[in-house]
Amino acid sequence: MRSWRNSWPPLLAALVRAGLSDLQVYLEYGTPGGSRRLDALLVGAGPDGVLGLVVFELKQWQTCRVLDAERVRRSDGVVTTHPVFQVAAYRSFFTHWRPAEAPELDVRAVVLLHNASAQEVAALRPDAPAAADIPVLSGADLSAPAKDLVGLLRSDGLATPDATQVAAFEGIRWEPSSRLLDHVGSELEGTSAFALVGDQQDALVRIRAAAARHLPARGKAMGQEGDGAVITVSGGPGSGKTALAVRLLGRLMRAHPATRPRFTTPSGTLRAHLLDAVRTHSSARELFPGIGSLRSTAQQSGALVIDEAQRIKRGGADGLPPDLASVVKHVQLAVIFLDERQIIRPDEGTTVDEIHAAARRLGRMHHHLELTGSFRCAGSAAYTAWVDALLYGEPLPWTGHAGYDLGLGDDPFQMQEWIDQATAAGHSARISAGFCWPWPRNRRTTAALPLDIQIDVPSPTGKTRVWEAAWNARETLTDSDGNPLAPRSQLWATHTGGHQQIGCIYTAQGLEYHHSGIIIGPDLTWTNGRWEAHPDQSHDKDLRDLPPEQYLRYALNIYRVLLTRGTHTTRIHSTDPTTQHFLDQLINAAPVG
């Protein structure tokens with residue numbers, strides 16, 4: 001609040017003096033997921049009906065030291081994102097997250113240091129072409145004549161927006177214009193098609209600072225044991241862990257090539273998609289070694305990025321898994337991304353505390369960063385919070401106010417029809433289910449898949465219908481002529497034909513799709529006011545023999561993952577009538593207010 005009292009009045013006073021009082025001003029404008037709020041956003045009507053946006057980044061600083069085009073060191077010693085780079089990312093957000101049907105936008109950006117002198121501000125202006133049109137203003141600039149102030153504030157040509165234009169802007173449902181995995185190849189080559197925002201951006205700055213401290217200069221030998229650092233980055237589903245991890249790999253490759261940076265993950269599905277994304281760049285495959293070679297990778301790489309680390313197998317020992325312990329011991333800079341609520345098997349389960357203890361024993365520095373935003377589920381932090389409350393806390397009614405489309409699937413027939421329609425309309429749409437039906441390993445791959453999933457569905461006439469479906473193919477499914485009918489399991493979520501099969505936790509974790517249908521099987525039911533687990537209903541050989549209390553932990557985590565795959569829409573169906581009724585009461589509750 002102190003920052004608001006100090007920073008907003010100078011800006012608003014300047015806007016009034018410049019004759020811009022009738023433009024729309026949004027203070028603390030939130031990006032999807034709430035990971036960061038813009039200090040101020042000005043919206044006006046530009047020529048030819050184009051909406052003009054001016055993003056303001058306000059700082060109370062007077063002095064700072066510019067480290068490079070992306071980072072500055074404040075007078076208190078804190079290294080943070082360069083304000084011009086920061087506001088450029090926000091401007092990029094409005095460009096890359098604007099859906100095609102939204103009004104056309106002309107987005108501009110300004111940095112205002114109202115306490116700084118003109119001389120102090122001059123030292124902050126970066127000499128980068130991408131920032132050439134982003135002015136950095138001082139308090140003295142705000143004293144310019146009114147006719148000049150409009151141009152300084154990048155508000156020239158903007159007029160008062162009418163009510164229709166304001167409503168159109170406020171009705172925009174921000175969504176990314178391109179998906180992460182489509183841009184992995186270009187990302188590794190140094191381009192930036194997927195903008196980092198908010199705490200993702202801050203985390204990248206801090207990790208780069210650690211890399212500068214702990215990684216050797218070009219041509220220097222690697223340090224000995226005790227010299228390195230370990231960084232853990234935690235965050236919930238859709239918080240941007242993989243986006244940041246991939247961006248980080250590209251940065252490490254360019255800044256510290258001698259350290260042989262590598263990216264690995266225990267998620268075979270995620271790795272398959274990364275390799276598929278760079279399939280036209282054969283030399284890029286070695287950047288993604290399999291998790292089975294983690295120890296040798298740790299011996300050879302000075303910089304290692306690990307995504308989905310909570311899935312690394314423990315090997316039957318207490319404490320840190322041996323393979324991960326080797327990383328902590330040998331890798332000069334290890335950046336480990338994980339989500340402890342995505343532990344889904346008893347032989348997995350790495351935690352931040354275990355990594356911290358191992359680093360401390362070896363004399364390695366440990367830093368922990370947390371990503372709090374939500375860039376999936378239409379950026380709806382309210383939806384992800386609703387899922388967490390449903391599974392781990394006190395279930396709450398869904399009020400429908402969070403910009404996310406959540407509904408109940410009456411039965412699997414209805415859900416499959418919905419998925420087929422969405423696919424026909426050109427959207428990615430998938431159904432996933434709990435592992436509650438058999439999945440034989442010896443399934444043929446040159447004929448139709450067996451319909452192992454069978455669910456009884458009562459009809460209004462009293463006659464029971466049986467919905468039948470196939471799990472996704474383990475290998476590519478082909479017809480008699482060898483033409484592909486369905487992708488192999490690891491590419492089920494994105495490749496053509498996957499919508500006709502059902503996925504499970506092992507083929508959905510780490511991925512996303514436009515529309516998501518989830519079938520909660522009989523292994524998890526809402527009974528007597530709480531969740532109860534029924535491991536005898538599971539067909540997962542690694543889970544079905546667990547006691548119910550232990551199985552419950554993994555079941556909740558599994559369904560949390562499945563419930564957070566959809567970027568726009570989710571439909572839920574439970575095979576248990578009592579649980580279905582409970583979900584109906586929550587999801588279809590009358591909105592409050």
Side-chain angles (χ1 to χ4, degrees), residues 1-20 23 25-29 36-42 44 52-94 106-158 195 197-198 201-202 204-206 208-209:
M1 291 182 67
R2 182 170 58 252
S3 296
W4 301 340
R5 286 195 296 265
N6 292 339
S7 297
W8 286 347
L11 171 64
L12 297 177
L15 293 173
V16 170
R17 201 165 66 82
L20 302 170
L23 271 62
V25 179
Y26 299 84
L27 302 175
E28 293 291 303
Y29 186 91
R36 181 60 63 88
R37 293 181 177 274
L38 283 60
D39 292 335
L41 177 68
L42 192 68
L53 274 59
V54 186
V55 183
F56 288 93
E57 180 62 25
L58 308 176
K59 299 295 185 186
Q60 299 185 72
W61 309 343
Q62 287 182 267
T63 60
C64 66
R65 178 188 172 195
V66 177
L67 301 179
D68 54 34
E70 299 180 14
R71 301 176 302 152
V72 298
R73 187 187 302 278
R74 299 189 325 216
S75 57
D76 58 3
V78 174
V79 175
T80 187
T81 303
H82 194 299
V84 170
F85 185 78
Q86 183 179 355
V87 80
Y90 294 148
R91 181 175 63 178
S92 175
F93 161 79
F94 286 108
D106 172 20
V107 190
R108 313 165 190 179
V110 176
V111 175
L112 173 59
L113 279 69
H114 54 85
N115 289 330
S117 66
Q119 184 177 1
E120 290 165 340
V121 160
L124 188 62
R125 294 190 178 99
D127 186 22
D133 61 343
I134 301 179
V136 181
L137 305 181
S138 67
D141 290 318
L142 299 185
S143 301
K147 60 182 179 63
D148 299 327
L149 196 52
V150 173
L152 289 172
L153 296 172
R154 295 300 318 277
S155 303
D156 40 302
L158 297 185
V197 177
Q201 193 180 71
D202 293 339
L204 181 61
V205 167
R206 294 182 63 179
R208 290 186 62 208

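- How far CG of D148 is from OG of S143: 12.0 Å, rounded to the nearest 0.5 Å.
- In the model, E120 has no side-chain atom that pairs as donor or acceptor with a side-chain atom of S138 under 3.5 Å.
- Considering NZ of K59 and CG of L113, their distance stands at 8.5 Å, rounded to 0.5 Å.
- A pairwise comparison of heavy atoms in P135 and L152 identifies CG-O, 3.8 Å as the closest pair.
- With values rounded to the nearest 0.5 angstrom, H114 atom NE2 is found 6.5 Å from L58 atom CG.
- Taking the six-membered ring for Trp and thresholds of 30 and 60 degrees, Y26 and Y29 have ring planes more than 60 degrees apart, a perpendicular arrangement.
- A distance-only check finds no donor-acceptor pair linking the side chain of R91 to the backbone of L53 [under 3.5 Å].
- Counting all heavy atoms, side chain and backbone alike, S3 lies closest to Q60 at OG-NE2, 3.2 Å.
- Scanning both residues, S155 and V54, for their nearest heavy atoms gives OG-CG2, 4.1 Å.
- In this structure, D141 CG and L149 CG are separated by 9.0 Å, a value rounded to the nearest 0.5 Å.
- The CG atom of L41 lies 10.5 Å from the CG atom of L23; values are rounded to the nearest 0.5 Å.
- Residues F56 and L153 have side chains in contact (heavy-atom distance under 4.5 Å, counting atoms from C-beta outward).
- Between D156 and G151 the shortest heavy-atom distance is OD1-CA, 3.9 Å.
- Among D202, V72, V87, the one residue that satisfies the side-chain contact (heavy atoms from CB on, under 4.5 Å) test with T81 is D202.
- A side-chain contact (heavy atoms from CB on, under 4.5 Å) with R154 is found for one member of L42, V110, I134 and no other, namely V110.
- By the 4.5 Å heavy-atom criterion applied to side chains, F94 and L38 are counted as neighbours.
- Between L124 and H82 there is a side-chain heavy-atom pair separated by less than 4.5 Å.
- To the nearest 0.5 angstrom, W8 atom CH2 is 5.0 Å from E28 atom CD.
- Within the 4.5 Å cutoff, side-chain heavy atoms of L112 are placed close to those of L142.
- The closest side-chain heavy-atom distance from L158 to R108 is below 4.5 Å.
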